[in-house]
Protein chains: 2
Amino acid sequence: MTEYPLDGSGAISAVDIAAAWDRELPGVPTSSIGVITPLWRVAKVLADERRRTLGRLGVDPATLDLLSTLRRAGEPWTLTTRELTERCLVTAGAISQRVARAEREGLVTRAPSSASRRAVAVALTERGHDVVERTVRGLLTHEEELVVGLAPEERRRLGELLGKLAASAAGGGGVGGEG
Amino acid sequence: MTEYPLDGSGAISAVDIAAAWDRELPGVPTSSIGVITPLWRVAKVLADERRRTLGRLGVDPATLDLLSTLRRAGEPWTLTTRELTERCLVTAGAISQRVARAEREGLVTRAPSSASRRAVAVALTERGHDVVERTVRGLLTHEEELVVGLAPEERRRLGELLGKLAASAAGGGGVGGEG
DNA sequence: TCCTGTAGATTTAGAGCTAAACATACAGGA
DNA sequence: TCCTGTATGTTTAGCTCTAAATCTACAGGA
C-alpha cells in the first residue's frame with residue numbers, strides 16, 4: 001500500500017480537530033484551526049494534482065516553476081539567481097540546485113551577468129522554451145478544471161481573503177508581540 | 001545569502017502572473033491563477049512560520065503532526081499505522097519513517113495490535129505526552145496571532161470557500177473527463 | 001596596498017516526502 | 001492442504017527543500 005485518500009475521505013474535519021483539542025487540552029486557543037487546516041488540505045490536494053499532471057507531461061514542479069518564471073519575464077528570458085530567489089520564494093540554495101539540474105538537462109544556461117561579475121544570469125534555452133510552452137498550457141488547462149466548483153464571484157472573494165490572510169500572517173508573525 | 005523575502009515583498013502578484021501569461025502565451029486559460037497562486041503563497045508563509053516556531057520549541061512539524069494526531073485521539077492515545085495514514089494525509093511509507101524517528105527519540109512505541117497481527121499499534125509515551133502538551137499550546141497561541149487580521153465572519157467564509165474548493169479539486173481532478 | 005565588510009552564489013548535511021518494490025498476515029475457495 | 005488475492009507495514013531510491021558554511025567579487029577606509 002502506497003496510497004492515502006486523496007479526497008480526504010478518511011480525514012477528520014477541522015471542526016472535529018478543534019473540538020478534540022478543546023476536549024483533550026481545555027483552554028488552548030483553537031480558532032486558527034478552522035482556517036489553517038482546510039488551507040493546508042487544499043494546498044496538498046492541489047500540489048499532488050500538479051505533481052501527477054506534470055509527471056505525465058515529463059517535468060517536475062520545481063523545474064517548471066523555474067522555467068515558467070524565466071518565460072514570463074519576457075525577452076530575453078533571462079534573470080539573475082537573486083531575482084529568481086525573490087520570485088520563486090525559495091532559498092538561494094534551492095535556486096542554485098534547481099538551476100544546476102535544469103542546466104544538466106539543457107533547459108537553461110548560466111553565464112556571468114553583464115551588469116555585475118558576481119551575479120549569474122540564467123537564460124532559457126530553445127529546449128527550455130519547448131518544455132515550458134508545451135507543459136504550461138496543459139497544466140493551466142487541467143487546473144482550470146480543478147476550480148470549476150467555484151463561481152467567479154467566489155473565486156474573487158477567495159483570492160481576496162487569502163491575500164488578507166497573507167498580509168496578516170506576514171505582518172504579525174515575523175517579529176513577535178507588537179501590541 | 002540564505003534567505004528569501006518571507007513577506008513576499010519581492011514576489012509578483014497573482015494578477016501580474018496571469019497578465020504575463022496572457023501577454024506571453026495568448027490563449028492559455030489563466031483564471032485558476034487568481035486562486036491557486038495566493039493559496040500556495042499563504043500556505044508557504046504559514047508552513048515557514050510553523051517550522052520556525054517549532055524549531056524554537058525543539059520539535060519538527062512532521063513529528064508534531066504525528067504526536068498531535070495520537071494525542072487528539074484520546075485515551076489510550078494509540079492508533080494503527082493505517083489510521084495514522086488516513087488522518088495525517090501522507091503515504092504509509094512516510095508514516096513508517098515518522099514513527100521510526102519518533103520511536104528512536106522515545107516519543108512513541110510500536111507494538112502488534114491486539115485486533116490483528118498485521119496491524120501495528122503506535123502509542124504515545126510519557127515523554128511524547130510531555131512534548132505534545134508543551135508545544136501544541138505554544139504553537140496554537142502563535143498561530144492565533146497569524147490570523148488576527150481576519151474578522152470572525154471572514155474566517156468562517158474563508159474556511160467555507162476552501163472546503164468548497166477542496167471538494168471541487170478532489171472531485172473533478174482525480175479521474176479525468178467526467179462529462 | 002591591506003583590511004574589513006557585504007552581497008551574490010554555491011556547496012553540504014540533514015530532513016522529509018513520494019512511488020515502487022518488498023515482506024508479511026490472513027481469508028476464502030478448490 | 002495449496003493457491004490466490006488482498007490488506008498492512010517497511011524499505012529503498014530519488015527528489016527537493018532549508019540552514020549553515022563557504023567561496024568569490026567588490027567597495028571603502030586607513
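Note that the coordinates shown come from a computational prediction; the quantities given were computed from them, not determined experimentally. Residue numbers begin at 1 in each chain, while the letters A, B, ... track the order of the sequences.
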| request: Can you sort out which residues in residues 98-105 of chain A have a heavy atom within less than 4.0 Å of DNA chain D? Ascending by number, please. | output: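 A/R98, A/R101 - these, ordered by number, are the residues of the stretch whose heavy atoms sit under 4.0 Å from the strand.
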Among [options], the nucleotide that comes nearest once only the side chain of [X] is considered:
{"X": "B/A62", "options": "C/dC17, D/dT10, D/dC17", "result": "C/dC17"}
{"X": "A/A94", "options": "C/dT10, C/dT18, D/dC17", "result": "D/dC17"}
{"X": "B/Q97", "options": "D/dG9, D/dT12, C/dT12", "result": "D/dT12"}
{"X": "A/T81", "options": "D/dT10, D/dT8, C/dT10", "result": "C/dT10"}
{"X": "A/R82", "options": "C/dG8, C/dT11, D/dA19", "result": "C/dG8"}

Nearest whole angstrom, please: distance from the [atom2] of [N] to the [atom1] of [X].
{"X": "B/L84", "N": "D/dG9", "atom1": "CG", "atom2": "C1'", "answer": "12 Å"}
{"X": "A/L66", "N": "D/dC17", "atom1": "CG", "atom2": "C1'", "answer": "15 Å"}
{"X": "B/E83", "N": "D/dG9", "atom1": "CD", "atom2": "P", "answer": "9 Å"}
{"X": "B/I95", "N": "D/dG9", "atom1": "CD1", "atom2": "P", "answer": "11 Å"}
{"X": "B/L64", "N": "C/dA15", "atom1": "CG", "atom2": "P", "answer": "17 Å"}
{"X": "B/D48", "N": "D/dA19", "atom1": "CG", "atom2": "P", "answer": "7 Å"}
{"X": "B/E86", "N": "D/dG9", "atom1": "CD", "atom2": "C1'", "answer": "14 Å"}
{"X": "A/E49", "N": "C/dT18", "atom1": "CD", "atom2": "C1'", "answer": "15 Å"}

Closest approach of [X] to [Y] (non-hydrogen atoms, all atoms of both residues):
{"X": "A/V147", "Y": "A/R155", "result": "O-NH2, 3.4 Å"}
{"X": "B/E49", "Y": "A/A169", "result": "OE2-O, 4.4 Å"}
{"X": "B/K44", "Y": "A/L89", "result": "CE-O, 2.5 Å"}

May I ask you to say whether [X] pairs ionically with [Y], meaning some side-chain N is under 4.0 Å from a carboxylate O?
{"X": "A/R134", "Y": "A/D130", "result": "no"}
{"X": "A/E160", "Y": "A/R157", "result": "yes"}
{"X": "B/R72", "Y": "A/E24", "result": "no"}

| message | Checking B/S96 now: which residues fulfil side-chain contact (heavy atoms from CB on, under 4.5 Å) with it, not counting sequence neighbours? | response |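 B/R110.
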| By side-chain contact (heavy atoms from CB on, under 4.5 Å) - contacts of B/P61 (at least two apart) |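 By the side-chain contact (heavy atoms from CB on, under 4.5 Å) rule, B/P61 matches B/R51, B/L54.
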| query | Of B/R118 and A/D60, whose closest DNA chain D nucleotide lies nearer the 5' terminus? | reply |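 This one resolves to B/R118.
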| Using purine N1 to pyrimidine N3 plus N6-O4 or O6-N4 for Watson-Crick, or N1-O2 and O6-N3 for G-U wobble, each under 3.5 Å, what pairs with D/dG29? |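 C/dC2 - that is the nucleotide pairing with D/dG29, both distances being under 3.5 Å.
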Check this one for me: any side-chain N or O of [X] less than 4.0 Å away from OP1 or OP2 of [N]?
{"X": "A/R52", "N": "C/dA19", "result": "yes"}
{"X": "B/T91", "N": "C/dT18", "result": "yes"}
{"X": "A/R110", "N": "C/dA9", "result": "no"}

